[in-house]
> 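What follows is a structure written as structure tokens; I'll ask about it next.
This structure is a prediction, so every number in the text was calculated from the model and none was measured. Letters go in sequence order (proteins before strands), and every chain restarts at 1. These numbers come from the heavy atoms of this one structure, side chains and all, not from hydrogens, waters or symmetry mates.
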There are 2 protein chains.
Amino acid sequence: MKVINILLAEDQTMLLNALATILDLEDNINVVASCANGKQALSFIQENPALKIDIVLTDIEMPDMTGLDLAHHLHQDNFAGKIIILTTFARSGYLRRAMDSGVTGYLLKDSPSQELINAIAKVHQGERVIAPELMVNAWMEQDPLSEKERQALRLAKDGLSTDDIAQKLFLSSGTVRNYLSSAANKLNAKNRVEAARIAHQNGWL
Amino acid sequence: MKVINILLAEDQTMLLNALATILDLEDNINVVASCANGKQALSFIQENPALKIDIVLTDIEMPDMTGLDLAHHLHQDNFAGKIIILTTFARSGYLRRAMDSGVTGYLLKDSPSQELINAIAKVHQGERVIAPELMVNAWMEQDPLSEKERQALRLAKDGLSTDDIAQKLFLSSGTVRNYLSSAANKLNAKNRVEAARIAHQNGWL
DNA sequence: TTGAAAAAGTGACATTTGTCATCTCATATT
DNA sequence: AATATGAGATGACAAATGTCACTTTTTCAA
């Protein structure tokens, strides 16, 4: 029987350990590395070019380097294996970015662990596996925000004042207000706070 | 050897399944039930009074009923077993409420799975186990918010306007502004958004 | 190099939010 | 009955935010 070599990247140690254990219980799966973030995973892969890694299974939101950034880097390096994203969030923006980075599997942490095991087998055989929750509104509308609007929203989300945001972004406060106003407009929000919430929920921040 | 009977409550199915699997691998641990939220767990316990459950291991933030509410109910019902909280967040407000509900273990999902297994053994022997990250600022300052301030902040966090909040709480908009103002004051925040963020981070919402 | 587009800034005004002193009214206290 | 006490309301003002038309500056391709 062919063994599938897997690298894990997940910042929640409890889940990382638990996943490593249950995957290793499968006799056609071999966990070759457990990493706490994208940077660790990327380093490991680059420093062990001889090691055959069939699948990288990674979370998205992690410190140092996110799973999306990891996928992006691997894609550019022509990484030979497949990439599966395992995340809490059914955000269409995340899925889009994942697809753009050549990801072939996107599962939610809400699904049963057996589904992960099935997905690993399918992806290894060359299939795509996308959690059904995402297919629904996946191609809804894409991120309407400009980069500056995104940056301003990100700061506004934490309650920074217009002036504080202006300082951080090296912009005039008037410009910041313009950006936030247009962002709220694009997202049909009544104010910057609601706009930030909507953008965040869609994976646009 | 004495077997420890455990009930799990965790809304993230992947983690729930994985934890159930690795705990069942331990030969002195028996997972008697896996529940998706506090309500399910409470029902199961109430409907199976004959079943001996030594430990309830529960997440906090879950739909329908949180782990803190579950602990509160069990405490009032004089539940015979121990309760261990397993959560992502090191929020002092959560810990305080947990302690008030007779919880004897509080672990973070950031810690390795082996630590959970150790904690289960210790708690079963009557010890308390609190994640060290919590001890640091645990008794810092307690929740300074009034109930109305809390409610107002919760709504303000999502970007509701003063008037919207007033409607939902059946208060005049002036009163809402007073509450939000005094909340921001208590939390040393510059505005309602920052106040909501601080309160949320401390587990006060 | 020039001229259209994009990015950033300005100014004016309306609306919302923050602050605070004060008022009302129902509920306890004695 | 007299009086505290606290939740909620009000009004006035300051400050921040939202909106929009318009100007200036930068960028970059023809």
Side-chain angles (χ1 to χ4, degrees), chain A residues 72 76 93 96-97 100 141-205, chain B residues 93 96-97 100 141-205:
Chain A
H72 182 71
Q76 292 209 315
R96 175 176 292 263
R97 276 193 272 165
D100 290 347
E141 57 182 324
Q142 57 176 303
D143 181 358
L145 300 174
S146 75
E147 193 50 36
K148 283 296 165 62
E149 287 165 351
R150 194 188 329 287
Q151 292 172 356
L153 270 187
R154 226 180 268 145
L155 296 170
K157 181 160 70 65
D158 290 338
L160 292 218
S161 70
T162 304
D163 288 340
D164 290 343
I165 296 172
Q167 276 217 310
K168 293 222 179 200
L169 299 185
F170 304 106
L171 293 171
S172 82
S173 59
T175 302
V176 168
R177 285 197 292 159
N178 286 340
Y179 283 145
L180 288 175
S181 177
S182 95
N185 212 37
K186 288 177 178 176
L187 302 177
N188 287 315
K190 283 215 294 282
N191 54 54
R192 53 179 72 186
V193 184
E194 195 187 352
R197 200 199 71 218
I198 294 172
H200 185 244
Q201 284 175 346
N202 283 290
W204 294 332
L205 292 192
Chain B
R96 174 176 291 263
R97 276 193 274 166
D100 290 346
E141 56 182 325
Q142 58 176 302
D143 182 357
L145 300 174
S146 76
E147 193 50 36
K148 284 295 165 62
E149 288 164 351
R150 195 189 328 288
Q151 292 172 356
L153 269 186
R154 228 181 265 145
L155 296 170
K157 181 161 69 69
D158 290 338
L160 293 217
S161 70
T162 305
D163 288 342
D164 291 344
I165 297 172
Q167 275 218 312
K168 294 223 177 199
L169 299 185
F170 304 105
L171 294 172
S172 82
S173 59
T175 303
V176 168
R177 285 197 291 158
N178 287 340
Y179 283 147
L180 289 175
S181 176
S182 95
N185 212 36
K186 288 177 178 176
L187 302 177
N188 286 316
K190 282 215 294 281
N191 54 54
R192 53 178 75 187
V193 184
E194 195 187 352
R197 201 199 72 219
I198 293 171
H200 185 245
Q201 285 176 345
N202 282 292
W204 293 332
L205 293 191

> Hey, what do you get for CD (A:Glu149) to CD (A:Gln151), rounding to the nearest 0.5 Å?
10.5 Å
> Verify the contact: side-chain N or O of B:Ser172 to OP1 or OP2 of D:dA9, cut-off strictly under 4.0 Å; return yes or no.
yes
> For nucleotides 17-22 of chain D, give me one character per nucleotide, 5' to 3': B if any protein heavy atom sits under 4.0 Å from the base, S if the only such contacts are to the sugar-phosphate, - if neither.
BBBB--
> What's the shortest heavy-atom distance between B:Asp158 and A:Arg197, and which atoms?
O-NH1, 2.8 Å
> Only distances under 3.5 Å count here; give the side-chain donor-acceptor pairs of residues 166-173 of chain A to other protein atoms, sequence neighbours excluded, each with its distance to 0.1 Å.
unit_1: A:Ser172; atom_1: OG; unit_2: A:Gly174; atom_2: N; d: 3.4
unit_1: A:Ser172; atom_1: OG; unit_2: A:Thr175; atom_2: N; d: 3.2
unit_1: A:Ser172; atom_1: OG; unit_2: A:Thr175; atom_2: OG1; d: 3.0

> Could you tell me the boundaries of the chain B footprint on DNA chain C, defined by atoms under 4.0 Å from its heavy atoms?
C:dT17 to C:dC20
> What integer distance in Å separates A:Asp164:CG from D:dA15:C1'?
14 Å
> At what distance, to the nearest 0.5 angstrom, does CD1 of A:Ile198 lie from NE2 of A:His200?
13.0 Å
> Going by side-chain contact (heavy atoms from CB on, under 4.5 Å), name the residues that satisfy it together with B:Asn178, two or more places apart in sequence or in a different chain.
none
> Excluding sequence neighbours, so at least two apart, what forms side-chain contact (heavy atoms from CB on, under 4.5 Å) with A:Ala199?
A:Leu145, A:Leu153, A:Leu187, A:Trp204, A:Leu205
> Any side-chain N or O of B:Lys148 below 4.0 angstrom from OP1/OP2 of D:dG8?
yes
> What residues, two or more places apart in sequence or in another chain, satisfy side-chain contact (heavy atoms from CB on, under 4.5 Å) together with B:Asp164?
A:Lys190, B:Leu160, B:Ser161
> Can you tell if the side chain of B:Arg150 reaches within under 4.5 Å of the side chain of B:Asp143, non-hydrogen atoms only?
yes
